[in-house]
Amino acid sequence: MRNPMVVPCSDWEEKLTATHPDDLLPAEREALNRHVVSCPVCATVLTEYQEMDALIRHSLTTKHPLMLPNDFAIGRKMKVETERPGNHPMNLERGSSLHEQCSEGRPQELTQSRENQNPFEAALSPRSIHIKSTRSTQSSHRRSSPASGGDTYVNSSHYSVRIYAQCLSQYTEVLSDELLGAEVLVEVQMGQVLLNLFELVIIEDVNLRFLPAAPMKQKRCSIQVNARCQSSFHALEPQVLERMELTVEDAISGILLELFGVVIVDEVSINSLTGREAGKNDTQFKSA
Amino acid sequence: MSPSQDDSLRSLLMEEVELAKAGDSEAFTQLFEHYHTGIYGYIAGLVNNVEDAQDLTQKTFLKAWEKLPDLRDTSKFKPWLYTIARNLVYDHRRQKKKIFWESWERISGLDILVSEFSHEEEIAEAQLVRLVLVEVPVRYRSCLLLQVEGGFSQHEIAELLGISKASVSTYLSIARARFRQAYRRLASEQDTTVKRR
């Protein structure tokens with residue numbers, strides 16, 4: 001295409017751009033082909049067009065492989081679930097991963113997908129954006145609907161989970177106007193962690209707040225998570241609960257470390273619910 | 001590809017669209033694999049920035065996944081996908097108007113692809129083509145990109161852009177003429193620069 005430019009015959013100029021088989025009728029195509037054979041100028045132009053197409057295709061190719069986010073499928077299912085009356089996007093149940101529940105497609109563990117993804121990008125995926133649009137704009141969310149698929153257990157026991165942590169970072173991944181996305185990320189991942197320990201889980205509240213600035217311009221924020229859980233065992237031994245607390249502490253530290261620089265987990269408590277509280281919890285799970 | 005192969009691919013893709021519409025994420029991943037190169041090329045030719053093009057390509061597919069249940073005629077998936085891409089590009093242009101127009105400047109355009117290509121000649125050629133495309137007005141360029149990257153017929157482009165087939169034909173003719181002119185001029189400028197060095 002670096003040779004001196006030639007101008008195609010005006011009658012055929014537009015027809016020469018008809019590169020798609022459907023652009024011309026068979027008779028028109030035949031006539032064009034006949035003309036190109038007899039006209040070296042139009043033949044040159046046609047060759048240049050083919051060269052042009054190849055150049056454009058080659059130049060507009062990315063050398064970096066493009067991929068969909070691993071958890072892309074979550075967004076639509078969450079939307080469907082949220083829009084269905086009585087359902088909640090955090091309907092989690094033991095035995096099926098969030099991805100399985102949400103995509104009905106290839107099973108992928110959420111925890112695995114997070115490994116390959118910037119945690120904050122994940123938090124700002126359409127899933128989170130959608131939740132943002134359907135939830136209160138406040139940074140704490142009261143869960144009004146229960147979060148289990150329905151079954152409860154005859155010999156079950158009930159627990160409340162409370163987590164309180166503080167984070168400190170000069171270069172935090174989370175900006176103040178992106179708290180909601182971070183909350184959703186914490187919520188989803190904590191849901192998964194607790195489902196490894198309990199049969200049914202309701203994440204009641206995730207509250208992420210920036211605190212007044214710390215010395216050295218560091219950002220401080222507090223994270224509070226409240227959940228209610230049900231175990232299929234009659235009662236969990238105190239030692240077991242202690243081990244569970246340590247597991248949750250490790251997990252929340254890992255989740256928050258992806259978002260913040262320094263994490264101090266002040267409190268992880270898993271308390272057995274008895275009497276009225278347990279009854280209330282049971283009713284909530286049963287009504288799901 | 002023979003016509004029969006073409007038909008079987010088309011029906012296979014239609015099947016994938018139906019499955020994806022019903023919520024099959026694996027089918028949608030297959031659709032992504034099939035269409036993302038063309039969508040990326042189309043977007044990259046309009047925004048002229050690799051990172052934005054990658055970002056908008058991903059957004060196109062995420063939006064498509066989200067909106068797919070609303071698509072009534074699944075045979076129109078491909079033009080529908082390109083419409084999403086085009087709208088996202090327009091939104092992107094509106095949001096980043098200043099940056100967008102700055103990005104058309106030659107110097108920034110020259111920097112764009114350095115990281116994308118490995119060989120010097122390849123880099124030079126890709127940059128040249130990018131610069132040439134910049135000189136083709138968006139209205140004409142859009143038709144050209146839909147034809148080259150999207151593989152659409154003129155009739156399909158007309159439907160997609162909401163203009164007549166005759167206009168598409170004229171726009172394509174102008175786009176190609178502008179491209180040829182700009183390519184020659186910029187290539188000769190590039191050659192002169194190289195000789196001076």
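Note on naming: letters A, B, ... go to the chains in the order of the sequence lines (proteins, then strands), and numbering restarts at 1 for each one.
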**Student:** Answer with side chain, backbone, both or neither: which region of B/Thr170 has an atom nearer than 4.5 Å to a non-hydrogen atom of chain A?
**Tutor:**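 Answer is both: backbone and side chain atoms of B/Thr170 are under 4.5 Å from chain A.
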
**Student:** Side chain, backbone, both or neither: which part of A/Pro4 has a non-hydrogen atom closer than 4.5 Å to chain B?
**Tutor:**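 Only the backbone of A/Pro4 comes within 4.5 Å of chain B.
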
**Student:** Under 6.0 Å between ring centres, would you say that holds for B/His36 and B/Tyr40?
**Tutor:**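 No, ring centres 6.0 Å or more apart.
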
**Student:** Counting only non-hydrogen atoms closer than 4.5 Å, does B/Leu145 touch chain A with its backbone (N, CA, C, O), its side chain (CB onward), both, or neither?
**Tutor:**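 The side chain, not the backbone.
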
**Student:** Could you go through the side chain to side chain donor-acceptor pair (under 3.5 Å) check for A/Glu14 and B/Ser169 one step at a time?
**Tutor:** CA-CA 6 Å; A/Glu14 287 190 7; B/Ser169 184; 3.1 Å; yes

**Student:** Out of A/Asp22, A/Asp53, A/Leu16, which one racks up the most heavy-atom pairs below 4.5 Å with chain B?
**Tutor:**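 With the most close heavy-atom pairs to chain B, the winner is A/Asp53.
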
**Student:** Is it the backbone or the side chain of B/Ile174 that comes under 4.5 Å from a heavy atom of chain A, or both, or neither?
**Tutor:**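 B/Ile174 has no heavy atom closer than 4.5 Å to chain A.
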
**Student:** Which heavy atom of A/Pro69 sits nearest to which heavy atom of B/Gln58, and what is that distance?
**Tutor:**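 Closest approach of A/Pro69 to B/Gln58: CD-NE2, 3.5 Å.
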
**Student:** Identify which part of A/Ala18 has an atom lying under 4.5 Å from any heavy atom of chain B, answering side chain, backbone, both or neither.
**Tutor:**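 A/Ala18 touches chain B through backbone and side-chain heavy atoms alike.
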
**Student:** Taking every heavy-atom pair that is under 4.5 Å apart, which of A/Arg57, A/Met67, A/Met52 has the most such pairs with chain B?
**Tutor:**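 Winner by heavy-atom pair count: A/Met52.
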
**Student:** If you count heavy-atom pairs under 4.5 Å between each of A/Met5, A/Glu51, A/Glu13 and chain B, which one has the most?
**Tutor:**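 Heavy-atom pairs under 4.5 Å are most numerous for A/Met5.
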
**Student:** Would you mind telling me which of B/Arg176, B/Gln154, B/His155 has the largest number of heavy-atom pairs within less than 4.5 Å of chain A?
**Tutor:**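 Heavy-atom pairs under 4.5 Å are most numerous for B/Arg176.
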
**Student:** Do B/Arg178 side-chain atoms and B/Val136 backbone N/O form a donor-acceptor pair below 3.5 Å?
**Tutor:**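 No: the side chain of B/Arg178 does not pair with the backbone of B/Val136.
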
**Student:** Verify the distance criterion only: is there a donor paired with an acceptor across the side chains of B/Gln147 and A/Thr19 at less than 3.5 Å?
**Tutor:**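 The answer is yes; a qualifying pair exists.
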
**Student:** Counting only heavy atoms closer than 4.5 Å, note whether B/Tyr42 contacts chain A via side chain, backbone, both or neither.
**Tutor:**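 Answer is neither: B/Tyr42 stays 4.5 Å or more from chain A.
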
**Student:** Is a salt bridge present between B/Arg180 and A/Glu48, judged by a nitrogen-to-oxygen distance below 4.0 Å?
**Tutor:**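 Result for this pair is yes, salt bridge flagged.
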
**Student:** Check this for me: does any side-chain nitrogen of one of B/Glu159 and B/Lys165 sit under 4.0 Å from a carboxylate oxygen of the other?
**Tutor:**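 Looking at B/Glu159 and B/Lys165, the cut-off is not met.
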
